[in-house]
Amino acid sequence: MSATPSDPGPSRRRSWWGWGHVDAHPDDAECIALGALLPGTLARPLPIPRVSDLAVGRPAVTPPPSLAHLVSADPDVRAAHAMGKAYRDVVRALRGRPGRIPDLVARPTDDHDVVDLLEWAGERGVAVVPFGGGSSVVGGVEYRGDAHGAVLSLDLTSMDRVLEIDTVGRSARIQAGALGPVLEGQLRPHGLTLRHFPQSFEFSTLGGWLATRAGGHFATGRTHIDDFVQSMNVVTPAGVSTSWRLPASGAGPSPDRLFLGSEGTLGVITEAWMRLQERPRHKASTSVAFADFQQALDAVRAVAQSDLAPANCRLLDPGEALLSGASRDGSAVLVFGFESASAPVDDRLAAALDMAHAHGGRGRTTTADRASRADSAVGAWRSAFLRMPYLRDGLARMGAVVETFETAATWDRIPALIDAVRTEVGAAAVKATGHPATVNCRLTHVYPDGAAPYFTVAVAGRPGEEIEVWDDIKAVAGDVLHRHGATVTHHHAVGRDHRPAYDRQRPEPFAKVLRAAKEALDPHHILNPGVLID
């Protein structure tokens, strides 16, 4: 069955320099109010940057006439494709130093266009940086260095259709450039969903999720996009790789696994068959407060090791709970959510509550299905979760350094890891700035054998040297994670920012395999240079 795109609704203007939509950014007054929360920030916010103030030079390369209709050299378009949405990117834009702006931006409409663009780029030695929604927070969609004479940003968002739907097998063939809302809008009339909702859902694409092994909103079960993949189509300079569509296979190493997480350095993912689910009809949620954070960790582990499989099992430490408005009395807050397409979930929620209470939790009013009254802590957390990237940009305008990083480790290491990050990263922030720092933690995903802590660091920066402060904090964070055997990233990907820590984490024999794959698939070394391998 084929599917046609649905109306995505009124178009809102995206910010070229910061997160999300322009009309959702904090105004100057809100920025000042935010800055008041961190001693030492600027008295007035930095002005919103303008593309017209940037030195956007003439393109160093001209496409052939056969490709000219796919390519733009417009300065606004090029600036919007110069980098992602990390704190580091936002500050560079605010300070008028966005890095190397691509010479051209191409928007292919099908696989043939991608093949032709890669062939031309290989012949001319043009670096190609695959680009989806541009929401990378690890330097994954920019070019650094000077090894290539020209840079092409390859924007896949014109390839955004659900091409086929198999309602019997509940799967769909989807083009990689489909943004989250566009993708779900095409599945909704069929009562189906991919059920992958990262925080960047509005501003990221299926191809970006696959290329970065993105994690979704849901805390247990199928947490990563990998779990939904049936097969993939990838265009490489050496040819097109199309894997078979199968429910499972034991035929050697998986070809899909080569490209999942490859971040555009081995090939360009253009479409994939993805496993779908029925849209949930039964939902219930609640929150539980804990006076003792270690007891809260024990409660989360008990739930993760049960067969309850909550959709959401998110633990906020006291600082994170206060920041989001989920708690104001110094308690940690555990947010539970259950959902199902086939059966009520109230019994599963009640069982999870019993476990939490057995570990010292104080329960709040539950909510069930759509008609029920929303729990205030759950609602506050959800609103803060969606608003947080905008607030980060507002703080950046006030000269604050706001860094987030996520990781994962086994349960036996989690308490010491969290303590070490709070202590050592907090001390590094104070040393770098001379100002008091805030280090908060939440668990975003939980597994029977471990969990994924997500940290937020906020501190007033040194005016004009915010990136240097950011680099110092990032380096200390990487050292702490490595020392505790925690991954450099659970779901944000490696990009260029995590590359030093990734090089230490990756086994050297596997590094040799990656280099060999790069040489075989990208002999001219044009695809996203500097990511994962050299």
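In this text, all values refer to a predicted model and were calculated from it rather than measured experimentally.
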Notebook entry, point to check: So, for Leu187 and Leu194, which heavy atoms are closest and what is the spacing to 0.1 Å?
Noted result: CD1-N, 3.7 Å
Note to self: The test is side-chain contact (heavy atoms from CB on, under 4.5 Å); show your working for Phe405 and Val488 and say whether it passes.
What the structure shows: CA-CA 9 Å; Phe405 59 97; Val488 65; over 6 Å; no
Check: Is any side-chain heavy atom of Thr407 less than 4.5 Å from a side-chain heavy atom of Phe455?
Finding: yes
Margin query: Check whether Asp471 reaches the backbone of Glu468 with its side chain - one donor and one acceptor, N or O, closer than 3.5 Å.
Written below: no
Next item on the list: Using the six-membered ring wherever Trp is involved, compare the ring planes of Trp19 and Phe203 and label them parallel, tilted or perpendicular (cut-offs 30° and 60°).
Entry: perpendicular
Next item on the list: For residues Ser231 and Asp256, report the shortest heavy-atom separation together with the two atoms involved.
Entry: CA-OD2, 3.6 Å
Note to self: Please list all pairs meeting side-chain hydrogen bond (donor to acceptor under 3.5 Å, both in side chains) that have one or both residues in residues 74-84, counting only residues at least two apart or in different chains.
What the structure shows: His81-Asp155
Check: Do Lys474 and Arg88 touch side chain to side chain, with heavy atoms closer than 4.5 Å?
Finding: no
Margin query: Regarding Arg92 and Glu142, does a basic nitrogen lie under 4.0 Å from an acidic carboxylate oxygen?
Written below: yes
Margin query: Evaluate Arg314 against Glu320 for salt bridge (charged side-chain N to carboxylate O under 4.0 Å, His left out), listing each step before the verdict.
Written below: CA-CA 11 Å; Arg314 198 157 297 213; Glu320 190 78 9; over 6 Å; no
Item checked: Asp227 vs Arg275, salt bridge (charged side-chain N to carboxylate O under 4.0 Å, His left out): CA-CA, chis, key distance, verdict -> CA-CA 8 Å; Asp227 302 321; Arg275 299 181 177 94; over 6 Å; no
Next item on the list: Please work out which of the three classes, parallel, tilted or perpendicular, describes the rings of His490 and His445, given edges at 30° and 60°.
Entry: tilted
Check: To the nearest 0.5 Å, what is the distance between CG (Leu152) and OH (Tyr143)?
Finding: 13.0 Å
Check: residues 175-183 side-chain donor-acceptor pairs under 3.5 Å, at least two apart:
residue: Gln175; atom: OE1; partner: Asp160; partner atom: N; Å: 3.2
residue: Gln175; atom: OE1; partner: Arg161; partner atom: N; Å: 2.9

Check: Out of curiosity, Glu466 CD to Thr433 OG1, how far, rounded to the nearest 0.5 Å?
Finding: 11.5 Å
Checklist line | Steps toward side-chain contact (heavy atoms from CB on, under 4.5 Å) verdict (Leu70, Leu117) | finding: CA-CA 9 Å; Leu70 300 174; Leu117 286 162; 4.3 Å; yes
Notebook entry, point to check: Do Asp393 and Pro26 come close enough that some side-chain heavy atom pair is under 4.5 Å?
Noted result: no
Notebook entry, point to check: Between the side chain of Arg442 and the main-chain N/O of Leu315, is any donor-acceptor distance below 3.5 Å?
Noted result: no
Next item on the list: Output yes when a side-chain donor or acceptor of Lys85 lies under 3.5 Å from a complementary backbone atom of Ser136, and no otherwise.
Entry: no
Check: Any side-chain heavy atom of Arg173 sitting closer than 4.5 Å to one from Glu271?
Finding: yes
Next item on the list: For the pair Tyr454 and His491, name the ring-plane relationship: parallel under 30°, tilted 30 to 60°, perpendicular over 60°.
Entry: parallel
Next item on the list: Taking all heavy atoms of Leu481 and all of Thr487, pick out the closest pair and write down the distance.
Entry: CD1-O, 3.8 Å
Item checked: Donor + acceptor pair across side chains of Thr456, Glu403 (<3.5 Å) -> no
Next item on the list: Can you measure from OH (Tyr87) to OG1 (Thr404) and round to the nearest 0.5 angstrom?
Entry: 12.0 Å
Notebook entry, point to check: Which atom pair, heavy atoms only, marks the closest approach of Ala326 to Leu316?
Noted result: CB-CD1, 4.0 Å
Notebook entry, point to check: Is there a donor-acceptor pair closer than 3.5 Å between any side-chain N or O of Arg195 and the backbone N or O of Gly216?
Noted result: no
Check: When you look at CG of Asp146, are more than 12 heavy atoms from neighbouring residues, nucleotides or ligands closer to it than 6.0 Å?
Finding: no
Notebook entry, point to check: Checking side-chain contact (heavy atoms from CB on, under 4.5 Å) for the pair Trp16/Leu54: CA distance, chi angles, key distance, verdict?
Noted result: CA-CA 12 Å; Trp16 76 269; Leu54 302 178; 3.6 Å; yes
Checklist line | Rounded distance [0.5 Å steps], OG1 in Thr212 versus CG in Leu210 | finding: 8.0 Å
Check: Atom CD in Glu406, atom NE2 in His492: separation rounded to 0.5 Å?
Finding: 4.5 Å
Check: Are any side-chain N or O atoms of Thr223 and backbone N or O atoms of Thr220, one a donor and one an acceptor, separated by less than 3.5 Å?
Finding: no
Checklist line | Donor-acceptor under 3.5 Å (Arg515 side chain, Ile533 main chain) | finding: no
Check: Do any N or O atoms from the side chain of Glu263 and from the backbone of Val494 form a donor-acceptor pair under 3.5 angstrom?
Finding: yes
Check: Arg12 side chain to Gly20 main-chain N or O, any donor-acceptor pair under 3.5 Å?
Finding: no
Check: Between the side chain of Arg124 and the main-chain N/O of Gly149, is any donor-acceptor distance below 3.5 Å?
Finding: no
Checklist line | Check: Gly35 main-chain N/O paired with Thr41 side-chain donor or acceptor under 3.5 Å | finding: yes
Check: Taking NZ, NE, NH1 and NH2 as the nitrogens, is one of them in Asp472 or Lys431 under 4.0 Å from a carboxylate oxygen of the other?
Finding: no
Check: Is there side-chain contact between Phe259 and Leu521, with heavy atoms separated by less than 4.5 Å?
Finding: yes
Next item on the list: Begin with the C-alpha distance, continue with both residues' side-chain angles, and end with the deciding distance and a verdict on side-chain contact (heavy atoms from CB on, under 4.5 Å) for Leu46 and Arg95.
Entry: CA-CA 8 Å; Leu46 296 170; Arg95 295 295 185 182; 3.8 Å; yes
Check: Less than 4.5 Å apart, any side-chain heavy atom of Arg506 and any of Leu514?
Finding: yes
Next item on the list: Count the heavy atoms of every other residue, nucleotide or ligand shown that sit under 6.0 Å from CZ of Arg50, and state whether that count exceeds 12.
Entry: no
Note to self: Show the nearest heavy-atom pair for residues Arg397 and Pro47, with the distance to one decimal.
What the structure shows: NH2-CA, 4.2 Å
Next item on the list: May I ask you to decide whether Lys518 forms a salt bridge with Asp522, counting only side-chain N to carboxylate O separations under 4.0 Å?
Entry: yes
Next item on the list: Look up atom OG1 in Thr265 and atom NE2 in His525, then write down how far apart they are to the nearest 0.5 Å.
Entry: 9.5 Å
Note to self: On a heavy-atom basis, which atom in Gly133 and which in Arg14 lie closest, and how many Å separate them?
What the structure shows: O-NH2, 3.0 Å
Next item on the list: Go through the side-chain N and O atoms of Asn233 and Thr270 and say whether any donor and acceptor fall under 3.5 Å apart.
Entry: yes
Next item on the list: Name all pairs fulfilling the side-chain hydrogen bond (donor to acceptor under 3.5 Å, both in side chains) condition that reach into residues 98-109, sequence neighbours left out, sorted by first residue then second.
Entry: Thr109-Asp113
